[in-house]
Amino acid sequence: MKSFHEFLSRLDDLVSISSVRTTPSGNAPFGEGIRDCLSYVLEVARLYGFETYNYDNYIGEIAWGEGEEIGIIGHVDVVPVSTGWNSHPFTLTEKDEKFYARGVVDDKGPVLITLFALKELKDSGIKFNRRIRFFIGCDEERDWQDIEYLKTKTTIPYYGFSPDGDFPLSYAEKGVLQLTFNFPELKNFYRLYGGTVVNAVCAEACAMPRTAKQIDKKKLKQYKLKTDRINGIASYGKAAHGSQPKKGRNAMLNLFRYLRDMGEDVTRILECLFFDKYGLDKMHNEQGKVTLSPNILRTERDGTFTIICDCRIPAPFTKEDVLAVVDKFGFKYEAVEKHPPFMVDKDGFFVQTLLSAYKEVTGDENAKPISMGGSTFARAFSKGCSFGVEFPDEPCNPHQANECISRKSIEKAYDIYKLAIEKLVK
């Protein structure tokens, strides 16, 4: 990257804006922080000489070239900050050649890496025989309302990639199913709550005892729980992306173990939602296993409580296959399919073009397309791939505390995106 210092300055500016989705206000459909991030990226792109379009602060577009369209899509919204950060999450912090901040990997850093690669190609004077349309999303971490709005305003390219996943590239993504389970009020505990978003492993969960009789110091120590006047009994875990629950440590697990030992009827919740009694993970193929991650805990106004789970489904399994197993739980529930399983021909032109760029830059001639558990904006295209920015064996902690990316990864990803885009536009 020719202008790494400028890149870091832009990244510092961008991550300093808290862009967790908040209440809509005026011309900010997802909150003022997200709107300000979108405005910043589009302004930088204008300064670099690109065409830019702002679709009412729902989503933006950066464009260049003429001819058949190729899409790229990233996003500037981020997940909420969990506990455990060693530096301020909205201040770019460098340590040991790594850069830490919320969004450096998911997805502000990759957005800027891609923009800088496009800028160098444009400034080099090469002829773009295809038109690149680079979309800057604002609601990827929640409901994808930005994509739905975009569809009412313009067309979307058939082929495209999102710099929001793993290298070499993902040709398939699991389906995303949201399951909301409803349970009756507990006898001796109330005000149960935990988690921040459905697609992140619950890192903190709490329950308030009705009397001091429900505070068993021996059990608290056994399950590594803490008590205070505000939260009652609190359990702490480790956040991770909801598509990879085993990389985290779900705080609800030990809380419900404690509730069980204190006489609450929650054994079946543990068996079905945490211990996979009915074998959901036996449904697997080359794309991986079905996963079920209980990530949100909340008490309703009537005293009952709800657990919302993130479920990922590899093709060719379907929502119906999963629900046939979930029905055996015997719980009252609601199911919402956020995204069906998604797949692109891994031997086709688009996948192989991207893969060839990865191979040339890294020297890894054995690299193959992979599938992933996450759901990315690559689905915005009829034929889309998530394409980096995380390299094998170089963990970056997306959706977790201490999200980071190394200088080496930034520069390598930049070279890959630049070469891939050059191959596509030529």
Side-chain angles (χ1 to χ4, degrees), residues 79-85 105-106 141 164-168 170 172-179 181 194-205 223-225 235-258 260 266 268-297 307-315 317 321-322 325-326 329 338-339 341-342 370-376 386 389-405:
V79 296
V81 173
S82 58
T83 58
W85 281 83
V105 171
D106 188 13
E141 300 293 1
D164 187 17
D166 297 328
F167 282 123
S170 294
E173 297 183 2
K174 291 181 179 180
V176 182
L177 183 64
Q178 183 174 303
L179 295 165
F181 296 93
T196 54
V197 290
V198 179
N199 62 349
V201 172
C202 177
E204 180 178 354
Y223 295 121
K224 300 179 181 179
L225 308 179
S235 176
Y236 297 95
K238 177 185 176 184
H241 198 286
S243 65
Q244 298 176 307
K246 289 188 176 180
K247 288 189 175 182
R249 190 173 65 254
N250 198 307
M252 282 190 232
L253 175 56
N254 278 348
L255 180 66
F256 275 89
R257 282 170 165 161
Y258 180 85
R260 175 199 60 194
V266 297
R268 193 160 179 81
I269 293 176
L270 286 165
E271 290 177 343
C272 296
L273 302 190
F274 293 92
F275 300 142
D276 194 26
K277 179 177 181 177
Y278 293 99
L280 276 172
D281 71 356
K282 292 179 181 177
M283 301 168 63
H284 61 87
N285 54 31
E286 69 172 1
Q287 291 186 45
K289 299 179 178 180
V290 170
T291 61
L292 182 70
S293 184
N295 293 335
I296 297 288
L297 171 66
I307 298 177
I308 307 176
C309 299
D310 182 308
C311 181
R312 306 289 169 128
I313 308 169
F317 295 111
D321 295 326
V322 169
V325 177
V326 172
F329 296 178
K338 295 291 186 178
H339 307 287
F342 178 78
I370 60 175
S371 63
M372 67 180 294
S375 177
T376 74
S386 64
V389 72
E390 193 167 351
F391 288 92
D393 303 320
E394 293 183 30
C396 297
N397 304 327
H399 287 212
Q400 301 178 49
N402 303 312
E403 181 179 342
C404 64
I405 189 169

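- Applying the side chain to side chain contact (heavy atoms under 4.5 Å, CB included) test between P245 and each of D310, T291, L292 identifies T291 as the sole match.
- Note that the CG atom of D164 and the CD atom of E390 stand 10.5 Å from one another [nearest 0.5 Å].
- Here the straight-line distance linking atom CG of N254 with atom CZ of R249 works out to 8.5 Å at 0.5 Å rounding.
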**Asked** Checking side chain to side chain contact (heavy atoms under 4.5 Å, CB included) for the pair L179/F329: CA distance, chi angles, key distance, verdict?
**Response** CA-CA 12 Å; L179 295 165; F329 296 178; over 6 Å; no

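- Ring planes of Y223 and Y258: perpendicular class, angle over 60° (limits at 30 and 60°).
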**Request:** Take F181 and V326, measure what side chain to side chain contact (heavy atoms under 4.5 Å, CB included) needs, and give me the verdict at the end.
**Result:** CA-CA 10 Å; F181 296 93; V326 172; 3.9 Å; yes

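- Between A251 and G237, the shortest heavy-atom distance links the atoms CB-N, 3.6 Å.
- D281 places no side-chain N or O within donor-acceptor distance of the main-chain N or O of D276, the cut-off being under 3.5 Å.
- With rounding to the nearest 0.5 Å, the separation of OG in S293 from CD in Q244 is 11.0 Å.
- Of all heavy-atom pairs spanning P294 and C202, the tightest one is O-CB, 4.2 Å.
- The distance from the CZ atom of R257 to the CG atom of L255 is 11.5 Å, given to the nearest 0.5 Å.
- Under the 4.5 Å side-chain criterion, counting only non-hydrogen atoms from C-beta, P392 is not in contact with D166.
- Contacts of F317 classified as ring pair (Phe, Tyr, Trp, His ring centres under 6.0 Å), with partners at least two apart in sequence or in another chain: none.
- Residues L253 and L270 form a side-chain contact, since some pair of their non-hydrogen atoms from C-beta on lies under 4.5 Å apart.
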**Asked** How far apart are the C-alpha atoms of V290 and V325, what are their side-chain angles, what is the distance that settles it, and do they pass the side chain to side chain contact (heavy atoms under 4.5 Å, CB included) test?
**Response** CA-CA 11 Å; V290 170; V325 177; over 6 Å; no

**Prompt:** Does the side chain to side chain contact (heavy atoms under 4.5 Å, CB included) test come out yes or no for I308 and N295, once each step is laid out?
**Reply:** CA-CA 6 Å; I308 307 176; N295 293 335; over 6 Å; no

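- The shortest non-hydrogen separation linking N199 to R312 is CB-NH2, 3.7 Å.
- Minimum heavy-atom separation, W85 to Q400: CZ2-O, 3.7 Å.
- Note: S243 OG to E173 CD = 9.5 Å, rounded to the nearest 0.5 Å.
- We find the NZ-CG distance between K289 and L280 to be 11.5 Å, quoted to the nearest 0.5 Å.
- Residues P395 and C404 share a closest heavy-atom pair of O-SG, 4.2 Å.
- With a 4.5 Å cut-off on side-chain heavy atoms, P80 and V197 count as touching.
- The two residues E403 and D106 make their nearest non-hydrogen contact at OE2-N, 2.9 Å.
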